[in-house]
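Here the structure is laid out as structure tokens; the discussion comes afterwards.
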Amino acid sequence: MKELVVWAICLIPICVAYPYHGYRVYEAVAKNVVQAQALSDLEMSESFDFWSPVRLNKPTDIMSSPEQIQQLLDVFNSNSIQYRIKIDDVQQLIDAQNNIMGNEIVRKSSSLRYNLTWDNYYRYDDIREFAYALGASYPELVTVSVAGKSYEDRDLILIKISSGGSGSKNAIFVDGGIHACEWISPATVTYIIRELVENYAAHPQYVDDVDWFFMPLVNPDGYEFAHTDNRLWRKNRRIHDETNTTCIGTDINRNFDYHFDEGGSSDNTCAPTYNGGQPFTEPESRALRDAILAEANRTKSYLTVHSYGQHWLTPWGWTTELPADYDAMYALASDAVAALTAVYGTVYDIGSSANLLYANSGPSDDWAKGVAGIPYTYTIELRDQGPVYGFLLPPDQIIPSGIETWEAFKVIAEAVALME
Ligand code: 0X9
Ligand code: ZN
């Protein structure tokens, strides 16, 4: 994804950016290898934003600027590729969601000491406030600490939920918001934190039998930038002063030191999957690494929450070969997904990243398994499946996403509690 910031010429003090005005998202389906190759060639040309990977007989979402729409249609037509318009005007959808979110947010009632209501997407400050408010209200369950600082100096919040045991219990580590535009991720992760803490009395076993560690927003700088400037921003906001480039940001999920830069990760600072040049160049990935390592010997499951696609992914991304204990990983994933699907019928598929999605190297889950030695590491790609909104998931899906994902997390917690 190129950085698409087309600023209006600014003669008045308040400038408004409409970077995606007239941008369209098409859904195309490659039904044979020739069509798949044509789409892959298009992706390699880096002229279009591919929101989802090219896979045979599966929909691929491709965003086009207004100027390039005809070029895209020509490729579809000359290869007889079946397509449809999925989002007619990306900026209109962003604006519609901003209007819902704008001024009408239900502000905190007197009994709540935080803003989050899970019927809207909230900003970094609100998420941070939520963490400290829980810590203050439930000191016997919640400990908040700072795992490090982001490139722009924001605190990286770490929340421990534990009812005691002096570190003897098995643990689960969860993170969200590695990718800035995937707003449903921190929203769902904070929903689960709230469920564990504020509804503790309804199901104390999920806290009593395991310890939880949450980093709900790994990439706060990117997340804020996605709110203020570019809704579809993915990377962090580091300025690459070691290179002569004007492009900003590294994909935190390509910056981990396990089979680093072995495919599906870019050495180009302008690319959306820029890997940082070296492993652990980013303060956010270092802080996440250190927080995971601090509890790795008792952490049985690492859940890194992304969107979109409704996939429950296992490592690896760098090879299509499967981990030696893949069957056990698959069995637990399928129990978790069954519980999730039972709520509203939301379908997830399960498989290894390279097999189900695409080759990619340096993601946090591969490192958590391959280096930190955590057995059950999964990337969870939340709603939707792509046919409708993709990254622009409407806020009225936050609570349903939270409710169904919580059911899956309960299954993971029950299994982790019983592990050796
Ligand atoms: O590409 C990614 O970083 C993840 N998908 S996303 O659309 N959220 O960007 C998938 C990472 C999968 N994990 C592994 N390859 N192990
Ligand atoms: Zn992601």
Side-chain angles (χ1 to χ4, degrees), residues 105-164 167 171-180 182-200 206-207 210-224 226-227 236 252 283-292 294-295 299 302-306 364 382 395 398-399 401-402 405-406 409 413:
I105 289 173
V106 185
R107 280 292 151 195
K108 54 183 133 186
S109 74
S110 54
S111 62
L112 290 176
R113 282 189 265 163
Y114 55 80
N115 284 332
L116 269 55
T117 51
W118 292 277
D119 51 8
N120 277 302
Y121 294 110
Y122 283 84
R123 303 288 289 272
Y124 164 77
D125 281 340
D126 295 313
I127 292 172
R128 186 174 170 280
E129 174 195 56
F130 164 70
Y132 283 108
L134 284 189
S137 300
Y138 303 90
E140 67 291 352
L141 291 181
V142 178
T143 313
V144 182
S145 60
V146 175
K149 292 274 193 182
S150 70
Y151 178 77
E152 291 177 350
D153 212 31
R154 293 185 175 89
D155 287 347
L156 301 175
I157 299 296
L158 180 68
I159 302 169
K160 176 182 172 185
I161 302 174
S162 169
S163 57
I172 300 172
F173 195 108
V174 183
D175 69 43
I178 283 184
H179 291 139
E182 299 167 5
W183 290 3
I184 189 61
S185 161
T188 301
V189 169
T190 51
Y191 180 93
I192 286 164
I193 294 169
R194 191 205 66 83
E195 182 64 39
L196 283 166
V197 175
E198 296 200 324
N199 284 345
Y200 169 76
Y206 296 114
V207 173
V210 291
D211 283 351
W212 296 80
F213 295 86
F214 286 92
M215 221 162 136
L217 187 47
V218 174
N219 179 12
D221 302 349
Y223 185 73
E224 283 298 295
H227 277 269
N236 72 358
I252 296 167
E284 298 86 4
S285 45
R286 288 197 297 269
L288 179 55
R289 171 196 66 190
D290 295 343
I292 292 171
E295 304 293 340
T299 302
Y302 167 65
L303 307 169
T304 178
V305 181
H306 289 248
S364 65
L382 297 174
I398 297 170
I399 290 174
S401 168
T405 309
W406 163 241
F409 276 46

Are I252 and H179 close enough that some pair of their side-chain heavy atoms sits under 4.5 Å apart?
no

Under a 4.5 Å cut-off applied to non-hydrogen side-chain atoms, are I398 and I184 in contact?
yes

Calculate, to the nearest 0.5 Å, the distance between atoms CG and CZ belonging to L158 and F173 respectively.
5.5 Å

Can you tell me which residue pairs pass the side chain to side chain donor-acceptor pair (under 3.5 Å) test with a partner in residues 153-162, sequence neighbours excluded?
K149-D155, E152-R154, R154-D221, S162-D211

4.5 Å side-chain heavy-atom contact, S364 and Y302:
yes

I'd like to check the side chain to side chain donor-acceptor pair (under 3.5 Å) partners of Y200; sequence neighbours left out, ordered by chain and number.
D208

Between the main-chain N or O of Y151 and the side-chain N or O of E284, is there a donor-acceptor pair closer than 3.5 Å?
yes

Contact summary for A287 and A147, nearest pair of heavy atoms
CB-O, 3.5 Å

Mind checking what makes salt bridge (charged side-chain N to carboxylate O under 4.0 Å, His left out) contact with E195, not counting sequence neighbours?
none

Set of residues satisfying side chain to side chain donor-acceptor pair (under 3.5 Å) with respect to S401, sequence neighbours excluded:
T188

For the CZ atom of F409 and the CG atom of L303, what is their distance to the nearest 0.5 Å?
4.5 Å

Run the ring-ring contact (aromatic ring centres under 6.0 Å, His included) test against F213 and tell me which residues pass, sequence neighbours left out.
none

Strictly distance-based, threshold 3.5 Å: is any side-chain N or O of S163 a donor or acceptor partner for the main-chain N or O of L141?
no

Under a 4.5 Å cut-off applied to non-hydrogen side-chain atoms, are I157 and Y132 in contact?
yes

Looking at S185 and V305, would you say the former's side chain and the latter's main chain have a donor-acceptor pair under 3.5 Å?
yes

Does the side chain of L156 come within less than 4.5 Å of S150's, by heavy atoms?
yes

Least distance between heavy atoms, P395 atom then N120 atom:
CB-CA, 3.8 Å

Indicate yes or no for a side-chain donor-acceptor contact from T190 to the backbone of A187 under 3.5 Å, with no hydrogens or angles considered.
yes

P186 meets the side chain to side chain contact (heavy atoms under 4.5 Å, CB included) criterion, sequence neighbours left out, with I127, L217, Y223

Correct closest heavy-atom pair for A133 and R113 would be CB-O, 3.4 Å

Can you sort out the partners of F130 under ring-ring contact (aromatic ring centres under 6.0 Å, His included), two or more places apart, ordered by chain and number?
Y114, W118

How would you list, by chain and number, every residue that makes a side chain to side chain donor-acceptor pair (under 3.5 Å) with T143, sequence neighbours excluded?
none

Counting C-beta onward and ignoring hydrogens, is there a side-chain heavy-atom pair between T405 and L382 closer than 4.5 Å?
yes

Test of understanding: with side chain to side chain donor-acceptor pair (under 3.5 Å), list the residues that count as partners of S285, not counting sequence neighbours.
N255

CD1/I172 to CD/E295 distance, rounded to the nearest 0.5 angstrom?
13.0 Å

Atom CD1 in I399, atom CH2 in W406: separation rounded to 0.5 Å?
15.5 Å

Measuring only between side-chain heavy atoms, which start at C-beta, is T117 closer than 4.5 Å to Y122?
yes

Heavy atoms, side chains only, cut-off 4.5 Å: are L196 and Y206 in contact?
yes

From T304 atom OG1 to L288 atom CG, the distance as rounded to the nearest 0.5 Å:
7.0 Å

Could you give the distance from CG (L134) to CD1 (I159), rounded to the nearest 0.5 Å?
6.5 Å

Of the non-hydrogen atoms in W183 and A226, which two are nearest, and what is the gap between them?
CZ2-O, 3.5 Å

